[in-house]
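Convention: sequence-line order gives letters A, B, ...; per-chain numbering from 1. Below, all heavy atoms of this structure are taken into account, side chains as well, without hydrogens, waters or symmetry copies.
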Number of protein chains: 2
Amino acid sequence: MTQKQEQLSKNQQIVLSIIEKAKGPLKAYSILYNVQRRGIKAPLQVYRALEKLIEIGKIHKIKSKNAFIACKNSDCEISKATAFSICNNCEHVKEIKNTKLSKYLSNFEDNSGMKYKKYNLEFFGLCKNCKLKQ
Amino acid sequence: MTQKQEQLSKNQQIVLSIIEKAKGPLKAYSILYNVQRRGIKAPLQVYRALEKLIEIGKIHKIKSKNAFIACKNSDCEISKATAFSICNNCEHVKEIKNTKLSKYLSNFEDNSGMKYKKYNLEFFGLCKNCKLKQ
DNA sequence: TAACAAACGTTATATTATAACAAATTAAGG
DNA sequence: CCTTAATTTGTTATAATATAACGTTTGTTA
Ligand SMILES: [Zn+2]
Ligand SMILES: [Zn+2]
Ligand SMILES: [Zn+2]
Ligand SMILES: [Zn+2]
């Protein structure tokens, strides 16, 4: 019996912990600078860890920012269906967990009857804080 | 009375015509190579044209591909609400024009009651062709 | 322990995008 | 027509993001 084991490797743990501690999405090279004293010296080491972490759903990539954020949805382990809200002013990013939305999108059929297994949605607007300050 | 005029400049026209002729999304540097004989020599000239064309809604950027595609929705001039289907196999990209979907997303409220003015949605799956060939 | 897969370390390089600055062109108003 | 402001252009250099290629090490499984 081959048991698939999801123990994170050393570099993966280091990168994940940095991302989890962060208040917002982190860029790859900013992660790199943050982990150099922990022995990670090259971009590729970061990118490889990021790739794996995305694959197993621990983090997501915010495409419009080329930045990486920890997943807050414990049930989002496959990371196929993602939705985020992004503040245009303060750049705050939040993962949207909304069952109706995810059901709607997972069941969406386009005009030709085609369905899709995977999606990424990014909403842009002003977060509550920034809205008040206006 | 100041009339806002949206005549495209020379470089903007060149870049747009290349993108409109293309069968799929084009990358910035591929556009550059395609227009060098027409006098556009530097990346920045391409990126500036792209920026303007996006702003006025003539093209969209496919974020997951860092590539640019012509807008097929004549009523999408502000380019705030975009949705695409992307084939994971042949990389075919199609802009989704679906009133229900766009209404649903434009009216979407997150769990905190927040609404968003702008969104970008990218669906991934297999296009009809690729589904048949499997 | 042999064999395989995954992760690592390292160097170099590819790809994508913007900064900075000066010149040329275009729109609008008097 | 002339002036002024705004936009666009051309150019060089460089920043920021990401991957290729290679050999080594570590971990897992049989
Ligand atoms: Zn998630
Ligand atoms: Zn904000
Ligand atoms: Zn469009
Ligand atoms: Zn396809």
Report the end-to-end axis angle of the helix from dT1(C)-dA30(D) to dG30(C)-dC1(D); each axis comes from five terminal pairs, and the value is rounded to 10°.
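Inter-axis angle at the ends, rounded: 50°.
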Side chain to side chain donor-acceptor pair (under 3.5 Å) with [X]: which residues, sequence neighbours excluded?
{"X": "Lys65(A)", "value": "Glu91(A)"}
{"X": "Asn111(A)", "value": "Asn98(B)"}
{"X": "Ser9(B)", "value": "Gln12(B)"}

Considering only residues two or more places apart or on different chains, which pairs with a residue in residues 25-51 of chain A satisfy side-chain hydrogen bond (donor to acceptor under 3.5 Å, both in side chains)?
Ser17(A)-Arg38(A)
So if I take residues 15-22 of chain A and measure heavy-atom distances to DNA chain D, which residues fall below 4.0 Å?
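Contacting residues: none.
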Ile31(A) CD1 - dA18(D) C1' separation (whole Å)
13 Å
Provide, to the nearest angstrom, the distance between the CG atom belonging to Leu50(A) and the P atom belonging to dA16(D).
18 Å
Contacts of type side chain to side chain contact (heavy atoms under 4.5 Å, CB included), residue Asn89(A), not counting sequence neighbours
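Listed in chain order: Cys87(A), Leu126(A), Cys130(A).
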Under 4.5 Å side-chain heavy-atom separation, chaining through any Ile, Leu, Val, Met, Phe, Trp or Tyr, what else clusters with Ile69(B)? Say none if it is isolated.
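Besides Ile69(B), the hydrophobic cluster comprises Ile62(B), Phe84(B), Ile86(B), Val93(B), Phe124(B), listed by chain and residue number.
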Can you give me every donor-acceptor pair (side chain of residues 112-121 of chain A, partner residue at least two apart or in another chain, under 3.5 Å) with its distance?
unit_1, atom_1, unit_2, atom_2, d
Ser112(A), OG, Asp110(A), OD1, 2.8
Tyr116(A), OH, Asp110(A), OD2, 2.6
Tyr116(A), OH, Ser85(B), OG, 3.4
Asn120(A), OD1, Thr82(A), OG1, 2.7
Asn120(A), ND2, Glu122(A), OE2, 3.2

Which letter, B, S or -, goes with each nucleotide of nucleotides 14-21 of chain C from 5' to 3', with contact meaning a protein heavy atom under 4.0 Å?
--BBBBB-
